[in-house]
Amino acid sequence: MTKLKIKNNEVAFYAMGGLGEIGKNMYCVQFQDEIIVIDCGVLFPEDELLGVDYVIQNYDYLIENKDKIKGIFITHGHEDHIGGLPFFLQKVNAPIYAGPFAMSLIKGKLEEKHLLRNAELHEINEFDEVHFKKLWVSFFRTTHSIPDTLGIAVHTPQGTIVQTGDFKFDLTPVGNLPGPNLQQMAKLGDDGVLLLTSDSTNAERPEFTKSERWVDIHIRRIFERIKGRIIFASFASNVYRLREASDAAIAQGRKIAVFGRSMENAITAGQELGYLNIPKDSLIDQNEINNYPPEKVLIMCTGSQGEPMAALSRIANGTHRQITIQPEDTVVFSSNPIPGNTTSVNALINKLEEDGANVIHGYVNNIHTSGHGGQVDEEFMLRLMKPKFFAPVHGEYRMQKIHTKLAEMTGVPEENSFVLANGDVLALTKDSCRVADHIDSVSDVYIDGRDAGDTVGNPEIRERRLLSEEGVVTAIAVVDLKDYQIVAGPDIVSRGFVYMHESQELIKAANHEVFWAILNTFKNHKHIDQRVLNRTIISRLQKLLYDRTGRRPVIIPMVTILNGNNRSENQHYRRPNNKNNQTHKNERQNNHSHRNSQQHSKKKNSKEKQPVATGNTK
């Protein structure tokens with residue numbers, strides 16, 4: 001079992017994810033034999049991670065120390081904070097504590113993965129306390145772009161460690177929902193905060209982030225101007241934005257149709273918890289849209305990030321079963337592209353415009369505001385908490401660095417701020433704080449599928465990237481190890497490397513190279529097996545193709561071996577002795593010449609004209 005290099009009286013803070021990045025949030029507080037885990041999110045892959053669905057943390061350290069984990073405490077229900085729970089619970093079945101809306105989303109995720117029955121779930125609110133033998137946890141209400149957001153305070157024998165979660169100070173939330181509980185935050189600060197770990201996402205913005213009420217006003221004004229059908233795309237989890245759109249539509253007498261499973265789940269959860277107020281007669285079935293005039297319909301759908309399988313992308317591509325773009329349609333993007341999605345979102349907007357829709361998007365139209373506080377919000381949090389030590393989280397390195405400067409401006413000494421990386425272990429006492437260790441197992445895990453076991457590593461990613469950039473060449477042949485002959489082939493097949501119809505000279509040269517690679521393997525290797533043949537073919541073909549084209553495609557030899565089974569299972573195929581080498585060589589060449597008489601002539605000895613390999617050049 002891996003143990004941290006800290007003293008017995010020190011409290012450890014470390015991140016399994018969420019530092020130097022936006023996403024994959026997972027923070028831990030550990031004292032002796034108790035660990036409190038805060039959030040368990042995913043990171044959505046960048047474009048270069050081909051075929052990867054999610055990026056999660058390496059859980060090895062926590063798996064080794066699973067008996068110490070007292071609970072997973074969730075700040076809110078966004079994917080970068082709860083998306084990793086199904087993967088983590090497949091390894092460690094720890095209790096989960098979350099607010100009402102986050103818990104509703106978590107239950108849906110776990111039920112989909114058949115994990116709900118065995119999960120231990122505890123719904124909490126801002127006034128609850130959860131006590132363990134040595135540690136206890138309290139909460140404080142914040143505001144974000146999703147309901148029921150909580151900051152988390154872990155009380156330890158050395159002092160209180162506070163994790164803000166994602167926050168902004170929205171003093172005028174929509175729907176008269178509660179605002180941030182400043183009194184709770186101030187009380188924590190008055191009682192003493194040993195370490196504050198705070199959201200750094202908007203540390204580069206010298207502003208106070210605008211309230212959702214500001215967006216609500218502009219959405220109503222925009223809806224009033226639109227005469228045709230409205231297609232409203234947003235994050236499904238942004239229930240405040242869904243409320244603004246639905247309230248504006250109902251005020252105009254529009255009927256609402258919902259598309260996208262995550263959007264349907266969010267609407268259902270929002271209705272049940274009272275965050276949405278959509279009358280039953282205002283919701284219509286997807287198939288009833290054409291029963292109403294366009295000016296009486298609002299379509300709420302997923303796909304604001306350009307996801308290819310989301311409802312909006314299928315609408316734009318004409319593959320959606322119920323909806324096609326009409327000339328008078330207006331598509332409203334009420335979100336900004338997250339990092340890595342800008343290209344796909346712009347392509348989607350262009351496609352919608354080409355189809356005749358009017359597209360409204362971006363800050364310029366005042367239909368989006370961030371859920372993260374700017375510099376003024378971050379300074380306000382620092383003033384309320386008055387921490388002795390500070391570690392910025394949830395942001396890239398430059399954001400964390402700027403956040404430490406803000407902390408210094410609000411009274412935190414420069415030497416008391418720590419810009420950490422994932423795996424760094426901060427060891428704290430009442431009067432000291434130091435980077436004491438690093439958890440080496442912390443790294444990215446690429447999920448290509450639905451379960452924690454469906455992972456791919458860096459070698460697979462490199463191969464996928466190579467395939468996408470250079471293509472693949474397959475060399476096919478059948479060899480007989482009894483007579484040491486090439487029975488069929490070699491044939492070359494190119495996919496994504498060169499167009500075969502226009503590269504027949506190169507394909508013939510590649511066939512020739514593979515032919516001689518096999519013959520030389522027979523001649524030069526005492527023991528012949530599949531690996532030796534493959535290695536020789538790859539080596540010679542790589543050199544030829546690079547010399548001719550300057551490119552390095554993936555080369556896949558497909559050599560079928562005949563008459564190998566009559567030898568002992570553990571015995572390698574042996575080439576014939578030197579005495580018979582020339583005879584077998586001539587037999588192979590004669591056989592090859594018989595099959596390709598138009599391109600090769602028979603040879604009487606090894607000094608005569610060399611044969612030229614044929615193969616499929618079509």
Side-chain angles (χ1 to χ4, degrees), residues 145-147 170-177 209-260 263 266-267 270-271 274-286 288-304 311-312 315-316 322-337 345 348-349 352-353 355-371:
S145 57
I146 189 172
D170 192 339
L171 306 179
T172 57
V174 296
N176 297 318
L177 296 172
T209 299
K210 290 183 172 65
S211 168
E212 274 294 325
R213 180 85 63 175
W214 176 79
V215 178
D216 184 29
I217 293 169
H218 287 89
I219 285 179
R220 289 177 182 271
R221 290 176 180 172
I222 289 171
F223 277 27
E224 288 171 359
R225 298 200 309 262
I226 298 173
K227 302 304 179 184
R229 193 169 60 172
I230 301 174
I231 301 174
F232 187 85
S234 179
F235 289 111
S237 59
N238 194 339
V239 174
Y240 296 141
R241 204 65 53 81
L242 303 185
R243 177 171 183 143
E244 294 156 14
S246 60
D247 287 351
I250 291 168
Q252 291 184 305
R254 290 180 182 265
K255 300 296 183 182
I256 301 171
V258 181
F259 289 84
M263 184 70 75
I267 295 287
Q271 290 275 75
Y275 295 118
L276 295 175
N277 184 23
I278 306 176
K280 288 186 177 180
D281 61 355
S282 292
L283 283 171
I284 60 174
D285 186 80
Q286 299 174 352
E288 298 178 14
I289 293 175
N290 294 328
N291 297 340
Y292 297 88
E295 65 273 13
K296 293 298 180 182
V297 173
L298 168 68
I299 296 169
M300 302 176 74
C301 67
T302 56
S304 64
L312 187 57
I315 292 170
Q322 287 103 349
I323 311 172
T324 55
I325 291 296
Q326 300 173 6
E328 298 299 319
D329 285 347
T330 298
V331 181
V332 178
F333 281 78
S334 190
S335 63
N336 270 5
V345 171
L348 178 58
I349 291 172
L352 291 165
E353 292 274 9
D355 291 342
N358 178 36
V359 180
I360 299 174
H361 62 94
Y363 285 106
V364 67
N365 292 294
N366 301 321
I367 54 170
H368 180 66
T369 184
S370 177

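Everything numeric in this text was worked out from a predicted model, so none of it was measured.
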Chemist: If you apply the rule side-chain contact (heavy atoms from CB on, under 4.5 Å), what do you find for Arg254 with Ile226, and how did you get there?
Modeler: CA-CA 12 Å; Arg254 290 180 182 265; Ile226 298 173; 4.1 Å; yes
Chemist: Check for a donor-acceptor pair, side chain of Thr302 on one end and backbone N or O of Gly260 on the other, with a separation under 3.5 Å.
Modeler: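 No, Thr302 side chain to Gly260 backbone: no donor-acceptor pair under 3.5 Å.
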Chemist: Does atom CD of Glu328 have more than 12 heavy-atom neighbours, drawn from other residues, nucleotides or ligands, at distances under 6.0 Å?
Modeler: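 Incorrect, the count does not exceed 12.
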Chemist: Considering non-hydrogen atoms only, spot the tightest contact between Asp170 and Ser211 and give its length.
Modeler: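 Nearest pair, atom of Asp170 first, then Ser211: OD1-OG, 2.6 Å.
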Chemist: Are the side chain of Lys255 and the backbone N or O of Ala249 linked by a donor-acceptor pair below 3.5 Å?
Modeler: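 Such a contact is absent between Lys255 side chain and Ala249 backbone.
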Chemist: Rounded at 0.5 Å granularity, tell me how far OG1 in Thr324 sits from CG in Asp329.
Modeler: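 Those atoms lie 8.0 Å apart.
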Chemist: Taking Pro173's backbone N and O only, do any of them form a donor-acceptor pair with Arg213's side chain (distance below 3.5 Å, no angle check)?
Modeler: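 Looks like yes, one N/O pair under 3.5 Å.
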Chemist: When you compare the side chains of Arg241 and Ser234, does any donor N or O come within less than 3.5 Å of an acceptor on the partner?
Modeler: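 Short answer, no.
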Chemist: With no hydrogens and no angle check, is any side-chain donor or acceptor of Ser145 less than 3.5 Å from a backbone partner on Asn238?
Modeler: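 Judged by distance alone, no pair lies under 3.5 Å.
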Chemist: Measure the CE-CD1 distance between Met300 and Ile267 for me, rounded to the nearest 0.5 Å.
Modeler: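 Separation between the atoms: 4.5 Å.
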Chemist: Between Ile325 and Ile231, is a side-chain contact (heavy atoms from CB on, under 4.5 Å) present by the stated rule, with each step listed?
Modeler: CA-CA 10 Å; Ile325 291 296; Ile231 301 174; 3.9 Å; yes
Chemist: Could you walk me through whether Arg220 and Asp247 satisfy the side-chain contact (heavy atoms from CB on, under 4.5 Å) test, starting with their C-alpha distance in whole Å, then the side-chain angles of each, then the deciding distance to 0.1 Å, before giving a yes or no?
Modeler: CA-CA 8 Å; Arg220 289 177 182 271; Asp247 287 351; 3.5 Å; yes
Chemist: So how far is it from Ile367 CD1 to Phe333 CZ, rounded to the nearest 0.5 Å?
Modeler: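 Atom-to-atom, Ile367:CD1 and Phe333:CZ are 9.5 Å apart.
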Chemist: Donor-acceptor pair, distance only, cut-off 3.5 Å: does the side chain of Glu295 make one with the backbone of Arg229?
Modeler: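 Looks like no, no N/O pair under 3.5 Å.
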Chemist: First locate atom OG1 of Thr330, then atom CG of Asn358, and finally report the distance between them rounded to the nearest 0.5 Å.
Modeler: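 Separation between the atoms: 4.5 Å.
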Chemist: Distance-only, no hydrogens or angles: does the Glu244 side chain make a donor-acceptor pair with backbone N or O of Ile219 under 3.5 Å?
Modeler: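 No, the answer is negative, given that no donor and acceptor are paired below the 3.5 Å cut-off.
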Chemist: Looking only at non-hydrogen atoms, find the nearest pair between Ile146 and Ser237 and report the distance.
Modeler: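 In this case the closest contact between Ile146 and Ser237 is CG1-O, 3.3 Å.
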Chemist: Looking at Glu224 and Arg221, is any side-chain nitrogen of the basic one under 4.0 Å from a carboxylate oxygen of the acidic one?
Modeler: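 Looking at Glu224 together with Arg221, the answer is no, because their closest N to O distance does not fall below 4.0 Å.
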Chemist: Provide the closest heavy-atom pair for Leu242 versus Ala266 in the form atom of the first, atom of the second, distance.
Modeler: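 Smallest heavy-atom distance, with atoms named: CD1-CB, 4.3 Å.
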Chemist: So which heavy atom on Ala316 is nearest to which on Leu352, and how close?
Modeler: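 Heavy atoms of Ala316 and Leu352 come nearest at CB-CD2, 3.6 Å.
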Chemist: Can you name the nearest heavy-atom pair linking Ser370 to Thr209, along with the distance?
Modeler: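 So the minimum-distance heavy-atom pair works out to O-CG2, 3.3 Å.
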Chemist: Mind listing the closest non-hydrogen atom pair of Met263 and Cys301 along with its distance?
Modeler: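 Closest pair (atom of Met263, atom of Cys301, distance): CE-O, 3.1 Å.
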Chemist: With distance as the sole test, does Ser282 use its side chain to make a donor-acceptor pair with the main-chain N or O of Ile278 at under 3.5 Å?
Modeler: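 Flag not set: sc Ser282 to bb Ile278 has no pair under 3.5 Å.
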Chemist: To the nearest 0.5 Å, what is the distance between OG1 on Thr172 and CD on Glu212?
Modeler: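 Result: 9.5 Å between the selected atoms.
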Chemist: Going from CD1 on Ile250 to CZ on Phe223, what distance comes out if it is rounded to the nearest 0.5 angstrom?
Modeler: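 Going from the CD1 atom of Ile250 to the CZ atom of Phe223 covers 11.0 Å.
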